[in-house]
**Q** 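Sharing a structure, written as structure tokens. Questions coming.
Being a predicted model, the structure only gives us computed values, none of them experimental. In this chain, residues are counted from 1 in sequence order. For the numbers below, each heavy atom of this structure counts, side chains included, while hydrogens, waters and symmetry mates do not.
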Amino acid sequence: MFASEVVRHHGEPIAAVAADHPDTARMAAAAVIVEYEVLDPVTDPEHSFEAEPLHPDGNLIRHIPLHHGDPEAAGEIVVEGQYRIGRADPAPIGAEAGLAVPRPDGGVELYLASTDPHTDRNTAAACYGLSPERVKIVVTGVPGATADREDQGFQLPLGLLALKTGCPVKLTATREESFLGHAHRHPTLLRYRHHADADGRLVKVEAQILLDAGAYADTSAEALAAAVSFACGPYVVPNAFIEGWAVRTNNPPSGHVRGEGAMQVCAAYEAQMDKLARKLGLDPAEVRLRNALATGDVLPIGQTVTCPAPVAELLQAVRDFPLPELPVDTPEEEWLLPGGPEGAGEPGAVRRGVGYGLGMVHMLGAEGADEVSTATVKVHDGVATVLCGAVETGQGFTTLARQIVQDTLGVDEVHVAPVDTDQPPAGPGCRGRHTWVSGGAVERAAKMVRTQLLQPWPTSSACPPNCCRSRTARSPPTTACCRPPSPRRWTARSCGPRPSAVRTPPSRWTPPARATPSWASPSARSARWWTSTSRSARSGWWSWRSPRTSAGSSTPPSSRPVSRRASRRAWASPSPRTCAPRAA
């Protein structure tokens, strides 16, 4: 939770202070004196390959080479481009805040805006040295599943303060502290080469992808897998040769942001398609239509598209849809300015136009992960209650759950219980996975309730002729003679496309399997994988040596810390040097 001996990035917490008044806490934080030995930082991911190890595990987090098709294939038309995606932060409207309350059993309860409370609970318990049963997370509401809600930052010191003081501790981060404390989207360096025939159909795609993971690994291995998998986009590519790296630097950590990895490569391959259209003299939409992915096509990762993929139909519908009419009460030349009338764009620096863009992102089962969710439906006195660990992050799951139960059971009043870790897990609340996985669990639980309600209970002579104990009844009991003696509850599991799977999904905080270290694998010894392609394809491309690891260093990593000076933070630890370094 705190830096120990080595501060690896600007803004890394080194201490935390709790007080009965914010001004007292600020003065106490100002009294904390830290002496730094300023070292030369590594801020460029390209330099990470040659730099000294920044971490005991080395600078290379993961390396993925993807080869698909014929390496000697070439097209008549070739376009190249190099693209740099900066560090993005969504800057949500809601401030980062939390409350930690110590428990009588020596544990702690955390009231947070968490999108994956069970994983966050396990992470916090491991940091505190407690069993998961002694840590409880209550989701207070999530104003959008952005980076500050996806990865834990200040929440860990917050719970530690409550454990140390034995008192409830509340923390609200400023915007500056939020930018420094939570993970951001990975800055990415990309280089692409597209081959196409004279008709504009893709023949081969070559790409190199370099992700800046920052000072710690976090979810960079998963982001790199997504970037490599979707590096060609929703297009038919018979031959693809992609290579990706995720490396450490002394920049702030990058982590889980919606569409991680897939968003960065989308900007690059769509720019390539526009370059290809200009070189062929074709309409950008027409080039995309000729290469659009459809059901039955094979992705470069070897997966066959079996689901509906109306890529061409959607693009055709967008292209044929007429543009909206300009208002008549404002001169047309003002609406053609960047941003419209009173727009913020500078007319000389921004151009308005119509463009097309296609993209794809992973939804379920990334790298074979089980997608399991559990839901419970209770019915009592004609009121249904849904208990599900799926967090509402703005995707509308609570509305969806109500609609499913109302449609299945025919009840009007449905309540969705607040989410906490006392409920069974439902997986992370990113993207729209809960619509399929958790929504399926709610539907199956509701159907089990309906099946039980339709079973004929023992009747009596006092029951009316239209008693709802009849097998044809499609609503919960409403009269005294029809009510069961006690509320019933049914639980159902759903795991998306694999209904038989009931295992708990692996945590996204589980250390991912890394590629073989460069010092142990001849294939990973060279960062230039173009040795398998044609000789002309290797000219002018990046040639990176293998990142140095602690195994190949002459001195221990602890004696060669690499860092920038950290800012003084209002976070505390009575003895920072007794804390272990943060895990990779």
**Q** May I ask you to test the Leu409-Lys447 pair for a side-chain heavy-atom distance under 4.5 Å?
**A**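 When only atoms from C-beta onward are counted, Lys447 and Leu409 do not touch, as no gap falls below 4.5 Å.
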**Q** How long is the span from the OG1 atom in Thr399 to the CD atom in Glu392, to the nearest 0.5 Å?
**A** 6.5 Å
**Q** Report the distance from atom CD of Glu286 to atom CG of Leu315, rounding to the nearest 0.5 Å.
**A**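 Glu286 atom CD to Leu315 atom CG measures 9.5 Å (nearest 0.5 Å).
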**Q** Drop me the distance from Leu112's CG to Asp120's CG, to the nearest 0.5 angstrom.
**A**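 The CG atom of Leu112 sits 7.5 Å away from the CG atom of Asp120.
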**Q** Roughly how far apart are Glu96 CD and Ser178 OG, rounded to 0.5 Å?
**A** 3.5 Å
**Q** Please identify each residue that fulfils ring pair (Phe, Tyr, Trp, His ring centres under 6.0 Å) with Tyr235, with sequence neighbours left out.
**A**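 Per chain and number, Tyr235 pairs via ring pair (Phe, Tyr, Trp, His ring centres under 6.0 Å) with no residue.
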**Q** Could you report the tightest heavy-atom contact between Ile209 and Ala231, atom names first, then the distance?
**A**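 Taking Ile209 first and Ala231 second, the nearest heavy atoms are CD1-CB, 4.0 Å.
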**Q** Could you tell me whether the side chain of His118 reaches within less than 4.5 Å of the side chain of Val419, counting heavy atoms only?
**A**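 A side-chain contact is absent here, since even the closest heavy-atom pair is not under 4.5 Å.
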**Q** Once side chain to side chain contact (heavy atoms under 4.5 Å, CB included) is applied, do any residues pair with Thr435, and if so which ones, sequence neighbours excluded?
**A** Leu400
**Q** The criterion is salt bridge (charged side-chain N to carboxylate O under 4.0 Å, His left out); which residues satisfy it with Lys170, sequence neighbours excluded?
**A** none
**Q** Quick check: closest heavy atoms across Pro117 and Val391, and the distance to 0.1 Å?
**A**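 Scanning both residues completely, I find the closest heavy atoms to be CD-CG2, 3.7 Å.
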**Q** Any idea which heavy atoms bring Val101 and Ala162 closest together, and the distance?
**A** N-CB, 4.5 Å
**Q** Please report the shortest heavy-atom distance between Leu99 and Leu158, naming the atom on each side.
**A**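 It is N-CD2, 3.8 Å.
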**Q** Which pairs would a plain distance check flag for residues 297-307, meaning a side-chain donor or acceptor within less than 3.5 Å of a matching protein atom at least two apart in sequence or in another chain?
**A**
unit_1	atom_1	unit_2	atom_2	d
Asp297	OD2	Ala294	N	2.8

**Q** Going from CG on Asp57 to OH on Tyr216, what distance comes out if it is rounded to the nearest 0.5 angstrom?
**A**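 Answer for the CG-OH pair, Asp57 versus Tyr216, is 11.5 Å.
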**Q** Taking all heavy atoms of His415 and all of Val383, pick out the closest pair and write down the distance.
**A** CD2-CG1, 3.4 Å
**Q** Which residues pass the salt bridge (charged side-chain N to carboxylate O under 4.0 Å, His left out) test with Asp420, not counting sequence neighbours?
**A** none
**Q** Tell me whether Asp89 is salt-bridged to Arg185, with the criterion being a basic N under 4.0 Å from an acidic carboxylate O.
**A** no
**Q** Going by salt bridge (charged side-chain N to carboxylate O under 4.0 Å, His left out), name the pairs with one or both residues in residues 106-115, residues two or more places apart or in two chains.
**A**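 Only Arg103-Glu109 qualify under salt bridge (charged side-chain N to carboxylate O under 4.0 Å, His left out).
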**Q** Answer yes or no: is there a side-chain heavy-atom contact under 4.5 Å between Cys167 and Pro102?
**A**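 The answer is no; the side chains never approach within 4.5 Å.
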**Q** Show your reasoning for whether side chain to side chain contact (heavy atoms under 4.5 Å, CB included) applies to Arg121 and Glu133.
**A** CA-CA 9 Å; Arg121 177 201 61 183; Glu133 294 76 18; over 6 Å; no
**Q** Taking the side chain as C-beta and beyond, is there a heavy-atom pair between Ile64 and Arg62 under 4.5 Å?
**A** yes
**Q** For Ala215, give me all partners under side chain to side chain contact (heavy atoms under 4.5 Å, CB included), at least two apart in sequence or on another chain.
**A**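 Partners of Ala215 under the side chain to side chain contact (heavy atoms under 4.5 Å, CB included) test: Arg8, His9.
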**Q** Determine the sole option in Asn122, Thr123, Asp116 for which the side chain to side chain donor-acceptor pair (under 3.5 Å) test with Thr119 is passed.
**A**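 With Thr119 as partner, Asn122, Thr123, Asp116 yield a single side chain to side chain donor-acceptor pair (under 3.5 Å), made by Asp116.
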**Q** Are the side chain of Ser114 and the backbone of Val139 linked by a donor-acceptor contact shorter than 3.5 Å?
**A** no
**Q** Residues in side chain to side chain contact (heavy atoms under 4.5 Å, CB included) with Thr172, at least two apart?
**A** Ala95, Ala97
**Q** With a 4.5 Å heavy-atom cut-off, do Val247 and Leu211 have their side chains touching?
**A** no
**Q** Give a yes or no on whether the backbone of Glu177 and the side-chain of Thr174 come within a donor-acceptor separation of less than 3.5 Å.
**A**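 Confirmed, Thr174 side chain pairs with Glu177 backbone.
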**Q** Any Lys/Arg nitrogen of Arg248 or Asp212 sitting under 4.0 Å from an Asp/Glu carboxylate oxygen of the other?
**A** no
**Q** Going by the rule salt bridge (charged side-chain N to carboxylate O under 4.0 Å, His left out), which residues pair with Asp283 if we only count those two or more places apart in sequence or in a different chain?
**A** Arg319
**Q** Are any side-chain N or O atoms of Gln316 and backbone N or O atoms of Leu314, one a donor and one an acceptor, separated by less than 3.5 Å?
**A**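 No; zero donor-acceptor contacts below 3.5 Å.
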**Q** Hey, do the aromatic rings of His68 and Phe241 have their centres closer than 6.0 Å?
**A** no
**Q** Just so I know, are the side chains of Met1 and Leu160 near enough to count as touching, which here means a heavy-atom distance under 4.5 Å?
**A** yes
**Q** Determine whether the side chains of His63 and Glu243 contain a donor N or O and an acceptor N or O closer than 3.5 Å.
**A** yes
**Q** Which residue pairs satisfy the ring pair (Phe, Tyr, Trp, His ring centres under 6.0 Å) criterion with at least one member in residues 387-407, sequence neighbours excluded?
**A**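 Residue pairs passing ring pair (Phe, Tyr, Trp, His ring centres under 6.0 Å), neighbours aside: Phe397-His434.
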**Q** Judged by atom type as modelled, is there a donor-acceptor pair below 3.5 Å linking the side chain of Arg450 to the main-chain atoms of Ala446?
**A** no
**Q** Nearest heavy-atom pair of Ala124 and Leu110: which atoms, and what distance?
**A**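 Minimum heavy-atom contact is CB-CD1, 4.4 Å.
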**Q** Donor-acceptor pair, Glu270 side chain versus Leu358 backbone, under 3.5 Å?
**A** yes
**Q** Mind checking the CZ-OG spacing from Arg87 to Ser254? Nearest 0.5 Å is all I need.
**A**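 If I round to the nearest 0.5 Å, the distance is 4.5 Å.
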**Q** Before giving the answer on side chain to side chain donor-acceptor pair (under 3.5 Å), spell out for Gln264 and Tyr83 the whole-Å C-alpha distance, their side-chain angles and the decisive distance to 0.1 Å.
**A** CA-CA 9 Å; Gln264 291 91 320; Tyr83 309 93; over 6 Å; no
**Q** Within the distance-only criterion (no hydrogens, no angle test), does the side chain of His380 pair as donor or acceptor with the backbone N or O of Thr385 below 3.5 angstrom?
**A**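 Here the side-chain-to-backbone pair does not exist.
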**Q** Do the side chains of Cys232 and Ile242 get nearer than 4.5 Å, heavy atoms only?
**A** yes
**Q** Would you please name every residue forming a ring pair (Phe, Tyr, Trp, His ring centres under 6.0 Å) with His194, sequence neighbours left out?
**A** Tyr192
**Q** For Leu163, what residues pass the side chain to side chain contact (heavy atoms under 4.5 Å, CB included) criterion, not counting sequence neighbours?
**A**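 So Leu163 forms a side chain to side chain contact (heavy atoms under 4.5 Å, CB included) with Val108, Tyr128, Leu130.
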**Q** Before you tell me yes or no, could you show the steps for Val205 and Val237 under side chain to side chain contact (heavy atoms under 4.5 Å, CB included), namely the whole-Å CA-CA distance, both residues' side-chain angles and the distance that decides it to 0.1 Å?
**A** CA-CA 7 Å; Val205 172; Val237 179; 3.8 Å; yes
**Q** Taking the side chain from Ser438 and the backbone from Ala390, do they hold a donor-acceptor pair closer than 3.5 Å?
**A**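 It does not hold such a pair.
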**Q** Do any N or O atoms from the side chain of Thr188 and from the backbone of Leu210 form a donor-acceptor pair under 3.5 angstrom?
**A** no
**Q** Is any side-chain heavy atom of Ser220 closer than 4.5 Å to a side-chain heavy atom of His186?
**A**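 Yes; the side chains approach each other to less than 4.5 Å.
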